[in-house]
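One-based numbering, in listed order, for ligands and for the atoms of each.
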Amino acid sequence: MSFAMTHAEKEGFWNLWFSELHKGHVGMTYKVKSILYSGQSRFQRIDVLDTHEYGKMLVLYGSVMFTEKDEFVYHEMLSHVPYFAARSPASALVIGGGDGFTLRELLKHRTLERLTLVDIDEMVIEKCKEFFPDSKASFTDPRVTVEFADGAEFVRRSDRQFDLILVDASDPVPPADVLFKPRFHADCKKILAPGGVFAAQTESPFYNPDVFKEVFSSLSDLYDVCMPYLTWIPTYPSALWSFAFCSDTRHPLHDFDREAFLESGIGARWYNEDIHVASFALPTFVRQML
Ligand code: SPD
């Protein structure tokens, strides 16, 4: 991450830019209105920036986790694609997702009676609640329980079963790198209820093909149905982003409950019945990675 203050305009303007570098030689740059918070938790550097184009954003270890302008795409796709194929799940486990936006999407579904969120970094949750009203609202819902724990440890030790397990990880760097590993995937499968669906964010197949291939190799060993789906997130590296849909009993297209979606009134801004289906269409270069 680099902050570059330049006085080139000589107007006394606040001329601060934040750049996220992808692979060290390409990146995305944002003009910053103000730095709302900068600090260090036990696990990572945390920045909350207010930017001109994308509104407020959360940056962890120099990587954009979400922005106010485009976070709806990611969180709707991580939540509603598995939900509408799982058929009336009652319980959900979210690993990571300390911003609360995946919870916000899941809470739109009345069938979900119990939602458990496990995030390792309490400070991320506190800062999101402080700066993002939607985040605060998610954590006040009585259906939600929060545990501050290592997600990999939690699933290893849990004896509960969940109808939906969603992995809303940051990136495959510490502390979240374990959430991309076969051991974690196998432990999640043990606590997935019969008929359940597991979904995870699986990075950019364009910029991070090795992680994409390793994760799908690991998951396809575990599940009868293991399919990537894609979306567009302008502030993530390459904007082409992937997720995994996994289940032993549910197929994301054959078991997609279109009627349930059309009657749901969830007020999604990206997700709809056509996007659900289309997101499983893969470009040839992605097919070739599988
Ligand atoms: N490189 C950014 C990847 C971030 C993926 N997860 C974001 C979590 C937001 N809930």
Relative to the heavy atoms of Val64, which atoms of ligand 1 are at a distance of less than 4.0 Å?
-> 2 (C)

Could you see which bit of Tyr61 sits under 4.0 Å from ligand 1, with heavy atoms only: side chain, backbone, both or neither?
-> neither

Pair Phe212 + Phe216: ring centers closer than 6.0 Å = yes

For atom 5 (C) of ligand 1, the closest protein heavy atom turns out to be Ala169 O, 3.3 Å

Which of the atoms in ligand 1, numbered in the order shown and given with their element, are less than 4.0 Å from a heavy-atom of Gln201?
-> 5 (C)

Just which atoms of ligand 1 are under 4.0 Å from any heavy atom in Trp241?
-> 1 (N), 3 (C)

How close does the nearest protein non-hydrogen atom get to atom 9 (C) of ligand 1, and which residue and atom is it?
-> Asp99 OD2, 3.2 Å

Pull out every atom of ligand 1 sitting under 4.0 Å from any heavy atom of Ser63, numbered as shown with elements.
-> 1 (N), 2 (C)

Should one rank Thr202, Leu58, Ile233, Asp171 by closest heavy-atom distance to atom 3 (C) of ligand 1, which comes out on top?
-> Asp171

With a 6.0 Å cut-off on ring centres, are Phe245 and Tyr229 close enough?
-> no

With side chains defined as the heavy atoms from C-beta onward, is the minimum distance between Leu164 and Phe198 less than 4.5 Å?
-> no

When the aromatic ring centroids of Phe66 and Phe132 are compared, is their separation below 6.0 Å?
-> yes

Please name the residue in the list Lys56, Lys108, Arg104, Lys129 that meets the salt bridge (charged side-chain N to carboxylate O under 4.0 Å, His left out) test with Asp134.
-> Arg104

Can you check whether His75 has an N/O within less than 3.5 Å of an N/O in ligand 1?
-> yes

Hey, is ligand 1 close enough to Tyr74 that some N/O pair sits below 3.5 Å?
-> yes

Ring centroid separation Tyr61 to Phe43 under 6.0 Å | no

What about Asp168: any of its N or O atoms under 3.5 Å from an N or O on ligand 1?
-> yes

With the threshold set at 4.0 Å, does a side-chain nitrogen-carboxylate oxygen contact exist between Asp187 and Arg157?
-> no

Output yes when the distance from some N or O of ligand 1 to some N or O of Glu20 is under 3.5 Å, and no in every other case.
-> no

Could you please spell out the steps behind the side-chain hydrogen bond (donor to acceptor under 3.5 Å, both in side chains) verdict for Thr102 and Ser79?
-> CA-CA 6 Å; Thr102 296; Ser79 306; 4.5 Å; no

Report yes if the distance between the aromatic ring centroids of Tyr83 and Phe261 is under 6.0 Å, otherwise no.
-> no

Nearest non-hydrogen protein atom, atom 7 (C) of ligand 1 = Tyr236 OH, 3.2 Å

